[in-house]
Amino acid sequence: MDFKNIQTFIKVAELKSFSLAASELGYSQSAVSTQITNLEKELGHLLFDRIGHKIALTANGVIFLQYTQNIQLLTEELNVQLNGCTDDVSGTIRIAMADSICTSLFPKILSGFQKDYSNVKIVIKTGVTSDMFTLLNHNEVDMVCTLDLKIQRPDIVILKEAPVKANFYISSRHPLADKTNVTISDIKQYPVYLTEENISYRKYLDHIIAELDEYIIPTYEIGNVQVIKELILNSFGIGFIPEFVVTKELNEKLILPISNPNFPVTVWEQLICHRGKALTPAMNALIDFIDI
């Protein structure tokens with residue numbers, strides 16, 4: 001199998017265009033088409049659907065892309081090893097994560113990692129768990145860091161994981177601060193700040209409240225947990241967020257958890273890669289650096 005054809009395939013898949021790939025690689029469009037056709041004949045499977053003037057990866061194309069990108073990564077690692085540059089870890093890491101992890105935990109991790117691995121570029125995408133796994137399955141990210149119910153699947157590898165508490169939090173000045181058993185009815189008397197409905201632990205919260213034959217209509221739905229924390233601190237509202245978002249404020253007694261036997265709930269922070277993913281030295285360095 002011609003490695004030049006593989007490189008052309010990867011570029012076409014990334015750009016979703018034969019003409020753009022040809023321009024970037026310095027080939028004619030007909031040459032790119034021929035290379036892809038030769039690959040498809042050699043494999044015995046179509047790699048792209050060609051509908052009108054648009055192309056898209058077939059199911060086999062998605063699988064082939066994952067393996068070819070792994071080949072590309074391993075080739076780069078081999079060149080580093082052969083050139084004797086094993087101490088110079090470099091490359092790009094693409095990671096998708098929950099917004100709450102990105103804004104609350106990762107800034108400190110990234111600043112520390114950058115000091116030790118200045119030649120590593122990190123590209124971060126935020127989203128809900130389903131979107132992150134779509135990116136992972138299409139090899140558009142190398143790893144995902146989720147905050148959800150515990151995930152176990154045969155096509156993934158759990159690199160690191162830890163339980164995380166999520167709860168309703170209030171300001172220490174809140175009228176409910178001294179109440180020993182805060183009910184859902186009590187909570188509904190005040191502004192309620194929740195993450196958006198499709199965010200994992202919000203769905204878990206909705207399920208628990210429904211099991212109690214109750215409901216909550218949020219005053220605000222906000223994707224950014226740091227904004228919810230600020231609203232808790234500066235109002236008599238009540239927010240439901242992971243504990244790590246308010247660790248500092250809990251220690252300083254500025255924010256308090258509500259007292260209710262059904263809360264806190266436990267979700268899981270998990271660092272995950274696809275089982276077929278080849279991990280580069282840069283990726284392994286980041287995995288070792290992340291403290292979950």
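No hydrogens, no waters, no symmetry mates; every other heavy atom, side chains included, goes into these values. In this text the structure is predicted, and so the values were computed from the model without any measurement.
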Side chains of [X] and [Y], heavy atoms from C-beta outward: is any pair under 4.5 Å?
| X | Y | value |
| --- | --- | --- |
| I170 | I255 | no |
| V265 | L205 | no |
| L135 | K125 | yes |
| F133 | T146 | yes |
| Q270 | K150 | yes |
| V164 | T266 | no |
| M143 | L286 | yes |

Hey, can you tell me if F263 and F240 have their rings parallel, tilted or perpendicular (30° and 60° cut-offs)? perpendicular
Separation between [atom1] of [X] and [atom2] of [Y], rounded to the nearest 0.5 Å:
| X | Y | atom1 | atom2 | value |
| --- | --- | --- | --- | --- |
| L231 | I241 | CG | CD1 | 10.0 Å |
| I228 | L194 | CD1 | CG | 7.0 Å |
| E269 | I290 | CD | CD1 | 8.5 Å |
| I6 | I71 | CD1 | CD1 | 5.0 Å |

Would you verify whether the NZ or CZ of K188 falls within 45 degrees of the ring axis of Y215 while also being under 6.0 Å from that six-membered ring's centre? yes
Give me the one residue out of L256, I258, I238 that meets side-chain contact (heavy atoms from CB on, under 4.5 Å) with L176.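 Going through L256, I258, I238 one by one, the side-chain contact (heavy atoms from CB on, under 4.5 Å) with L176 is satisfied by I238 alone.
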List the steps and the verdict of side-chain hydrogen bond (donor to acceptor under 3.5 Å, both in side chains) for E249 and S172. CA-CA 10 Å; E249 290 75 15; S172 57; over 6 Å; no
So, using side chain to side chain contact (heavy atoms under 4.5 Å, CB included) as the criterion, who are the partners of N251 when residues are at least two apart? T247
What pair of heavy atoms forms the shortest contact from N70 to A278, and how long is it?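 Reported closest heavy-atom pair: OD1-N, 3.2 Å.
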Non-hydrogen atoms of P191 and F236 that approach each other most closely: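 That would be CD-O, 4.0 Å.
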Atom pairs and distances, donor-acceptor, side-chain atoms in residues 14-24, under 3.5 Å, two or more places apart:
residue	atom	partner	partner atom	Å
S17	OG	S19	N	3.3
S17	OG	S19	OG	3.0
S17	OG	L20	N	3.0
E24	OE2	K11	NZ	2.9

Indicate whether the side chain of [X] and that of [Y] have a donor and an acceptor atom separated by less than 3.5 Å.
| X | Y | answer |
| --- | --- | --- |
| T134 | N137 | no |
| S104 | Q226 | yes |
| D99 | T126 | no |

Could you go through the side-chain hydrogen bond (donor to acceptor under 3.5 Å, both in side chains) check for D148 and T129 one step at a time? CA-CA 7 Å; D148 208 323; T129 302; 2.7 Å; yes
Between Y193 and S235, does the side-chain hydrogen bond (donor to acceptor under 3.5 Å, both in side chains) criterion hold? Intermediate values first, please. CA-CA 11 Å; Y193 314 128; S235 75; 2.9 Å; yes
Any carboxylate oxygen within less than 4.0 angstrom of a Lys/Arg side-chain nitrogen, looking at R94 and D142?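 Yes, charged N to carboxylate O under 4.0 Å.
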Between N5 and T8, does the side-chain hydrogen bond (donor to acceptor under 3.5 Å, both in side chains) criterion hold? Intermediate values first, please. CA-CA 5 Å; N5 291 353; T8 297; 5.4 Å; no
Please set out all donor-acceptor pairs under 3.5 angstrom arising from side-chain atoms of residues 61-68, sequence neighbours excluded.
residue	atom	partner	partner atom	Å
Q66	NE2	H274	ND1	3.0
T68	OG1	F64	O	2.9
T68	OG1	L65	O	2.9

